[in-house]
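Structure first, then comments.
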Amino acid sequence: MDAEEGREKKRINFADDPSNRAMVQTDLHILPPDILLEILSRLPLTSLIHFKTTSHAGCNLIADPRLPPMFRNRVSNSDPCLILFNYNYPVSWALQLYFVDREGCGRRVRKIDPPQHSEVNKLVGSCNGLLCLSFPIIGGSSVSHSLLIYNPFVGDAVRVPIANRFLNQSEVYGFGFHPRTGEFKVVRIVYYRKITMVADPELIVEEANEGFATVNESMVQVFTIGTTEWRKTRGPPPPPQFAVGLRPPEALVEGSLHWIILVGTIYSIISFDLADEVFEEIPHPPCQRLVSRGYSLSVLNGCLSAAGLVDTVPFDIWVMKQYHVKESWVKQFSFDPYFGCGWLTNASGLLRSFPKVICALKNGEILLQYNIGSLVSYDPVENRFKNLQIGGLSHPFHVLPFLPSLFSAQATMNLTGEFKVVRIVYYQKILIVEDPALDVEEVDEGFATVDESMVQVFTVGTTNWRNKGATPPQLADVNGPPEALVEGSLHWVTVVGMGGDGPIFGIISFELADEVFEEIPHPPCQQLVSRGYSLSVLNGCLSAAGLVDAVHFDIWVMKKYDVKESWVKQFSFDPCFRCGWLANVSGTFRRFPKVIFALKNGELLLLSNSSSLVSYDPVENTFENLQISGLSNLFHALPFLPSLFSAQATMNL
């Protein structure tokens, strides 16, 4: 037994001794909580799990919300854990999941038991400490899948709704996270057969029969974690040559999933951007022998990597140093995969398959998998291979690098996304005027000032503001803050044109993900859009409210965001009815009410004259003045959902 194994055994025996566990629990109270959290954040994951299950005090400490971001900052600078998986064949086709913590006590395998009664049949993907697992649903003429987003070390999960099914369908999924939008998404590519009417009997389709035929179709759908339904992608459908078949994506880089496809005689790379939801071709490595023979993708130190045999030898590993830049491909490593690896070859001395690159280790070595069953570390400095023995696992198996997380799946889903601050600045710029007749203000001795504007964005967690260009012309007269945040977009009411009755008040939005302005359809009420209105959020939907005449205050709700036809007039009432305390001496409102939000009992909370909070019951058509003591008149009101997450922890998510 070597020294490392002795230390491992000693540590295990210490933890298993009840008297020692009691001593640990007693000694925990001696150290300040901040020091304890610092110690816990530096422990290997296996030690943390053991500590949680054997110590009541440890369980409470690990539940501290300050620990997950501390632990993540530490593991991001360490070697990843490994998720190993294989099938329980011939007993069943259920997927068996295991993990190995390379920092823990040796390389012992621990089994992962997902919280699901049915059998897992596929590991869709992994990112940010979460696994996406697939469970088969068999019925009719095709097989569909139920998906689960699962943190194996916290133990909680988020279920993904079942997607719609098609005739004779087959499907492939991808799972990932985009750092720009902060959203986790599941991508589904489904192939199916569609029954269509054949007008031309000479039309070449399959199985034409009595004017009907079945044709092959495909569709790309996206599910954003935190929403409630699948939807078609925002972008255009991929061109036919981008068909990925049933192969899952091989790499998640820069918020995009990547596949290798055969285009003609060349193996090319296509990506699906999880933010813009579009497919595009990524430049492949500039190595003709590699792209004509085939290769696999992986991620090395955050960069897209392509690796394969360019001949019998060598085995080349290329790295794209700057994403999507063809000239940034660099051949990082090249070696003979047979050298010093006799245990990996068959009787003829040949490898059964070329290696698969798993990840780069912090010591500069590369972790490889051979023959779907052997893990090997390659030292490029010494040109040396080392067989990594992993006990307790039968061959063959697949390997996935995995950075563990202590954030629960549910909390991560609720807190994903970037926080952004948008700044719209209006200023004057001094210009040299060569033509004195130029139409600018304050021409003076060849100089003039012109009005300019600029939009800047600051993403919380970064260090710099970013310029996004000038504001659209419709926002030139906006001086106030946005009135509503809906679907990740800020909204203003502004004059967007002129009509026969005067100005037309429209809605301009700024989408925080794509950072672009666009005009949102306004309510289909001429009286409202010509008189002006205010915006709010009612039950998660964009709402517009205003006076259409002296006695009718209308509240419109956009049931489906950015869809003009979904505007519905939800409420209409006389704001002066039985509200004498809100009117001035002439019996009229000084200004129309402002809708604050909808209450759970169906009533609406209104602010009138910046001095009175009023609840309106649309069923009884009654108003109630809500007296708030200790506050002088003239105030504003803002709906607010409190949170116990610290600002710092929320930023780290």
Side-chain angles (χ1 to χ4, degrees), residues 37 40-41 43-76 80-85 94-101 110-135 145-162 173 175-177 182-186 223-229 252 400 402-417 641-646 649-653:
L37 289 174
L40 290 175
S41 70
L43 290 178
L45 183 62
T46 48
S47 300
L48 271 177
I49 295 173
H50 189 79
F51 186 46
K52 177 181 178 181
T53 56
T54 58
S55 167
H56 177 71
C59 185
N60 292 335
L61 280 169
I62 290 176
D64 191 304
R66 294 172 293 175
L67 182 59
M70 295 171 65
F71 179 77
R72 188 184 64 177
N73 291 337
R74 201 269 303 170
V75 298
S76 62
C81 295
L82 301 176
I83 296 293
L84 311 179
F85 54 100
L95 196 68
Q96 308 294 306
L97 291 167
Y98 308 87
F99 97 97
V100 177
D101 186 357
R110 294 174 180 265
K111 196 170 188 300
I112 296 174
D113 294 314
Q116 178 82 6
H117 295 300
S118 59
E119 297 178 336
V120 178
N121 79 330
K122 194 172 295 183
L123 175 56
V124 174
S126 161
C127 67
N128 291 23
L130 300 176
L131 299 176
C132 182
L133 305 176
S134 169
F135 303 85
H145 294 85
S146 171
L147 302 179
L148 198 70
I149 310 300
Y150 175 54
N151 186 327
F153 306 117
V154 175
D156 71 330
V158 173
R159 188 174 299 280
V160 176
I162 298 173
Y173 290 93
F175 172 63
F177 172 84
E183 294 175 320
F184 288 84
K185 291 183 179 180
V186 182
F223 179 80
T224 303
I225 307 300
T227 62
T228 58
E229 60 185 5
L252 173 66
L400 187 73
F402 183 78
L403 283 179
S405 170
L406 295 180
F407 290 108
S408 72
Q410 190 65 53
T412 304
M413 298 304 105
N414 292 334
L415 287 175
T416 56
L641 286 177
S643 169
L644 294 181
F645 288 104
S646 71
T650 304
M651 298 306 103
N652 290 333
L653 283 175

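This chain uses plain numbering: 1 for the first residue, then up along the sequence.
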Going by the angle between their ring planes, with limits at 30° and 60°, are Phe177 and Phe184 parallel, tilted or perpendicular?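 Tilted: the ring planes of Phe177 and Phe184 meet at 30° to 60°.
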Evaluation steps, side-chain contact (heavy atoms from CB on, under 4.5 Å), between Leu147 and Leu133: CA-CA 6 Å; Leu147 302 179; Leu133 305 176; over 6 Å; no
With rounding to the nearest 0.5 angstrom, report the CZ to CG distance, Phe99 to Leu84.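 With rounding to 0.5 Å, CZ (Phe99) is 10.0 Å from CG (Leu84).
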Distance from Gln96 atom CD to Ile112 atom CD1, nearest 0.5 Å?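 Output value for this atom pair is 11.5 Å.
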Mind checking what makes salt bridge (charged side-chain N to carboxylate O under 4.0 Å, His left out) contact with Lys185, not counting sequence neighbours?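 Checked Lys185 against salt bridge (charged side-chain N to carboxylate O under 4.0 Å, His left out); matches are Glu183, Glu277.
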State, with a plain yes or no, whether a side-chain heavy atom of [X] is found less than 4.5 Å away from one of [Y].
X: Pro114; Y: Leu97; result: yes
X: Glu229; Y: Pro161; result: no
X: Val160; Y: Ile225; result: yes
X: Ile149; Y: Phe175; result: yes
X: Pro404; Y: Phe153; result: yes

Determine, stepwise, if the pair Leu148 / Phe135 fulfils side-chain contact (heavy atoms from CB on, under 4.5 Å). CA-CA 8 Å; Leu148 198 70; Phe135 303 85; 3.7 Å; yes
Can you sort out the partners of Ser134 under side chain to side chain donor-acceptor pair (under 3.5 Å), two or more places apart, ordered by chain and number?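 Ser134 satisfies side chain to side chain donor-acceptor pair (under 3.5 Å) with Asn121 only.
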Please name all residues satisfying ring-ring contact (aromatic ring centres under 6.0 Å, His included) with Phe223, sequence neighbours left out, ordered by chain then number.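 With sequence neighbours excluded, Phe223 shows a ring-ring contact (aromatic ring centres under 6.0 Å, His included) to Trp230, given in chain and number order.
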Nearest heavy atoms of [X] and [Y], plus distance in Å:
X: Ser405; Y: Gly129; answer: CB-CA, 3.9 Å
X: Ser41; Y: Phe71; answer: O-CD1, 3.8 Å
X: Leu400; Y: Phe85; answer: CB-CE2, 4.3 Å
X: Leu67; Y: Leu37; answer: CD1-O, 3.8 Å
X: Ser126; Y: Leu131; answer: CB-CD2, 3.7 Å
X: Tyr150; Y: Asp113; answer: OH-O, 3.3 Å

